[in-house]
Protein chains: 2
Amino acid sequence: MTKPVFDRGPGLAPEQMSTYFALTEAVGLLQHHVEQQLRTDGDLSTVQFQILASLAAAGGRLTMTELADGVVYSRSGLTYQAGLLEKAGLITRGPSPDDERSILVTITDAGLARVRQVLPGHVEVAERLLFDPLSESDVARLGEIMTRVRDHMRAQPPRSAAPRKRRSAASEAAKGD
Amino acid sequence: MTKPVFDRGPGLAPEQMSTYFALTEAVGLLQHHVEQQLRTDGDLSTVQFQILASLAAAGGRLTMTELADGVVYSRSGLTYQAGLLEKAGLITRGPSPDDERSILVTITDAGLARVRQVLPGHVEVAERLLFDPLSESDVARLGEIMTRVRDHMRAQPPRSAAPRKRRSAASEAAKGD
DNA sequence: GGGAGGTGCTTCGAATTCGAAGCAAACATC
DNA sequence: GATGTTTGCTTCGAATTCGAAGCACCTCCC
């Protein structure tokens, strides 16, 4: 993953190439360690933590769709994980007053407690693996850059606007995304 | 995932917090799009692409362990994917002359062709989602930072040095990792 | 050179993942 | 206010994932 055969043709500049790979691998490693920590400290998967964290950040309750948009994840996977979290007593699910179709997910006290329980370790891992080798200025710049990138990506069609198959199979011909 | 309840206590500075979340989400989104592109353009999963790319980058052949170190992935998952790739004719597996236990994985011409086939689209996605909103200076800095972070993480005990259970259950007491 | 322990890889079962299909409520258009 | 379409969520089956356990080879050390 260092000196690709690929920098031929009109592709990414070498600088972009190595940036891309470094980014990918570093984040992959980080995620892996985080996964371990969350499992060890609080018996949570990363997704479960993200769900709980999103809820906490949002003030306690969100619909499934809002949750799906905050987490890079499939709808069905979310349903599955929400089921586990509910069974574990960390969230509750109830009908929405506004929209009969929606499900309102609410974090419980136990859920909040669990978040607080794993947070120190979580922070410690991020501190040790990610921020340790970075200066304040690095962090600032990195944050600024990634925020820009994230917002840019969010502007692209979001995952939850996924292609619900066209009405008829007839209009298939004009398919070109 | 924006204004956590969590910046309380001696944790990460707010700046670190938002940097961390932006990084995580942006890369998640990127991975998701890449996944789609690879599947569409060349019927490959990200892992499969990484395997092929690692092989190509390494000059054509690697052992399973070397491969595992280059990819953030479990050993058994690698075996599984290697099986699929072999069945698809994109790699071959053979014994190592040096070490009878090792398996030498070699990329085939078809494998190389497949990499070249998906590469333009891959590059296009990275270009559009990641690099589009970044200046040259951003890319340089980002690359420099992430390389530093990656190397720092690599220095931590690598994934493949995974804990082969202790010799006896007796020395369990002193477990604290 | 023989045994103990370490290493490289695969197999196994259980858990998680995804997309497609299904169901019901909401919305639009007439 | 009916009918067709869209939207929110779940269920389903198939594919992928992981860690633990297993097998075979290698290495160290007496």
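Source: prediction; values computed, not measured. A note on names: the letters A, B, ... follow the listed sequences, proteins ahead of strands, and every chain is numbered from 1.
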Quick test of your reading of the model: are A:Arg148 and B:Asp138 salt-bridged, counting only N-O distances below 4.0 Å?
yes
Expressed in angstrom and rounded to an integer, what is the separation of A:Leu78 atom CG from D:dT11 atom C1'?
15 Å
From CD1 of A:Ile103 across to P of C:dA26 the rounded distance in Å is 12 Å
Reckon A:Tyr80 has a side-chain N or O less than 4.0 Å from the OP1 or OP2 of C:dT17?
no
Answer with base, sugar-phosphate or nothing: what part of the nucleic acid does B:Leu67 contact at a heavy-atom distance below 4.0 Å?
nothing
Is A:Thr63 touching bases, backbone alone, or none of the nucleic acid, heavy atoms closer than 4.0 Å?
sugar-phosphate
Just how far, in rounded Å, is P of D:dA15 from CG of B:Leu84?
10 Å
Report yes if at least one side-chain N or O of A:Gln81 is closer than 4.0 Å to OP1 or OP2 of C:dC18; otherwise report no.
no
In terms of side-chain heavy atoms of A:Asp99, which of D:dC26, D:dG8, C:dC9 is nearest?
D:dG8
Backbone N/O of B:Thr63 and side chain of B:Glu66: donor-acceptor pair under 3.5 Å:
yes
Using the side-chain heavy atoms of A:Gln36, tell me which of these nucleotides is nearest: C:dA25, C:dC9, D:dG19.
D:dG19
Please determine, for the side chain of B:Arg101, which listed nucleotide (C:dG19, D:dC18, D:dA24) has the closest atom?
D:dA24
Whole-Å gap separating P (D:dA15) and CD (B:Glu35)
16 Å
Respond yes when some side-chain nitrogen or oxygen of B:Thr65 is under 4.0 Å from OP1 or OP2 of C:dC9, and no when none is.
yes
A:Thr79 near the nucleic acid: base, sugar-phosphate alone, or nothing, with a heavy-atom cut-off under 4.0 Å?
base
Indicate, with yes or no, if A:Val72 and B:Leu38 share a hydrophobic cluster defined by side-chain heavy-atom contacts under 4.5 Å among Ile, Leu, Val, Met, Phe, Trp and Tyr.
yes
May I have the distance from A:Met64 (atom CE) to D:dC9 (atom P), rounded to whole angstrom?
6 Å
Between atom OH in B:Tyr73 and atom P in C:dG8, what is the gap in whole Å?
20 Å
Atom CZ of A:Arg75 and atom C1' of C:dA21 are separated, to the nearest Å, by 15 Å
Please determine whether a side-chain nitrogen or oxygen atom of B:Arg93 lies at a distance below 4.0 Å from atom OP1 or OP2 of C:dT10.
yes
Rounded to the nearest angstrom, tell me the gap between atom CD1 in B:Ile51 and atom P in D:dT16.
12 Å
With a 6.0 Å cut-off on ring centres, are B:Tyr20 and A:His122 close enough?
yes
At under 4.0 Å between heavy atoms, what does B:Leu104 touch on the DNA or RNA strands: base, sugar-phosphate, or nothing?
nothing
Kindly say whether, by distance alone, the side chain of B:Ser76 makes a donor-acceptor pair under 3.5 Å with the base of D:dG19?
yes
Under 6.0 Å between ring centres: does that hold for A:Phe131 and B:His152?
no
